[in-house]
Number of protein chains: 2
Amino acid sequence: MRPRRTRQLAAVEDVLLAASDHPTAAQIHERVAQLMPQVSLGTVYRNLEKLAQAGRAVVVRFDGEVTRYDGTVESHDHFVCRGCGCIVDLFAEVGPAVDTGALERAGYAVAEHSLAVFGTCPACA
Amino acid sequence: MRPRRTRQLAAVEDVLLAASDHPTAAQIHERVAQLMPQVSLGTVYRNLEKLAQAGRAVVVRFDGEVTRYDGTVESHDHFVCRGCGCIVDLFAEVGPAVDTGALERAGYAVAEHSLAVFGTCPACA
DNA sequence: CTTTCTGCAAACTCTTTGCACTCGT
DNA sequence: ACGAGTGCAAAGAGTTTGCAGAAAG
């Protein structure tokens, strides 16, 4: 079961890397379809799954919303603006630090975390 | 549109308050149905929505999982064990502190956050 | 009585899957 | 040629909703 480099897989990855808006599967399909009108939504889902498993895409889901995909693979958090709906990637320098020290002292082994901060972005304030 | 105190609404809230396992809508329906066999899943969803809007229930959704409901209304985080699947409520004393200072200095108004920490719980280690 | 709520079932949305065909290797 | 990948359309899972009747105030 050796994976193949198909045009569809490459297109999905290209769209994901070019996107900064954390698109949904439907949006990715729409964008891929601009250059490859025959591509099906099912194939987009299959390739997104493939990329996610390969660690080349991140699946993001905020409470109550549709699943989104992020081409930024490095560990980071998210800020979701309640005003304009924009989603900002937060890296260590800017992002909130999560201190799991107390948790680990309590006997929990921490592997990773998923953090979304909600509020208003500078542009909306 | 003055809300009414129906037996179904009360039952859903009771189940939610008695539960410590962050049940799904289907699980809540199952439990409510033990005392009230006629209750429909649709009604459970409608009442959960009502409780959430009233701030008497919290909607929780971890990446890739089904929506869960939490009767613990105070702001808190969650630990999700990859071993046994248990979900632990994390309050300030034990839970990880999220420092949004840098974010706020960058011009973001922070309202709230949603944090899930994944790893292995003491019982599973 | 009036109006909200309920049960039921159908509809909806998002995602997954079976199948025959295509295309990468 | 072989078999993973594709397009299509149908199926699934989870959630929402329209409607007529039930029930709270």
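Proteins come first, then strands; the chains are lettered A, B, ... in the order of their sequence lines, and each starts at number 1.
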Which nucleotide in [options] has an atom nearest any side-chain atom of [X]:
X       : options                : answer
B:Tyr45 : C:dT6, D:dG14, C:dC19  : D:dG14
B:Ser40 : C:dG7, C:dT3, D:dT6    : C:dG7
B:Thr6  : D:dT6, C:dC5, C:dC14   : C:dC5
B:Arg4  : C:dT15, D:dA24, D:dG18 : D:dA24
A:Arg2  : D:dC8, D:dT15, C:dT25  : C:dT25
A:Thr43 : C:dG7, C:dT15, D:dG7   : D:dG7

Study note, to complete from the structure: A:Thr72 and A:Val58 have their tightest heavy-atom pair at O-CG2, 3.6 Å

Exercise for review: Decide, yes or no, whether a salt bridge links B:Lys50 with B:Glu13 under the criterion of side-chain N to carboxylate O below 4.0 Å.
Suggested key: no

Check your understanding: For B:Arg61 and A:Val44, take the nucleotide of DNA chain D holding the closest heavy atom to each; which residue's nucleotide lies nearer the 5' end?
Key -> A:Val44

To the nearest Å, give me how far apart [atom1] ([X]) and [atom2] ([N]) are.
X       : N      : atom1 : atom2 : value
B:Asn47 : D:dA23 : CG    : C1'   : 14 Å
B:Leu41 : C:dG7  : CG    : P     : 11 Å
B:Arg46 : D:dT17 : CZ    : C1'   : 8 Å
A:Glu65 : C:dT13 : CD    : C1'   : 15 Å
B:Leu48 : D:dT17 : CG    : C1'   : 16 Å
A:Glu49 : D:dA4  : CD    : P     : 17 Å
A:Arg68 : C:dT15 : CZ    : C1'   : 16 Å
A:Leu9  : D:dT6  : CG    : C1'   : 12 Å

Look at [X] and [N] and indicate whether a side-chain polar atom (N or O) is within less than 4.0 Å of OP1 or OP2.
X       : N      : answer
A:Thr67 : C:dT15 : yes
B:Gln38 : D:dA22 : no
B:Thr24 : D:dG14 : no
A:Gln8  : C:dC23 : no
B:Lys50 : C:dT4  : no

Review point. Can you get from A:Leu115 to B:Val88 by hopping between Ile, Leu, Val, Met, Phe, Trp and Tyr side chains that sit under 4.5 Å apart?
Key: yes

Practice item. Could you label the plane-to-plane angle of the B:His76 and B:Phe91 rings as parallel, tilted or perpendicular, counting under 30° as parallel and over 60° as perpendicular? Key: tilted

Review point. Yes or no on salt bridge (charged side-chain N to carboxylate O under 4.0 Å, His left out) for A:Arg61 and A:Asp70, after CA distance, side-chain angles and deciding distance?
Key: CA-CA 10 Å; A:Arg61 189 184 251 176; A:Asp70 193 344; over 6 Å; no

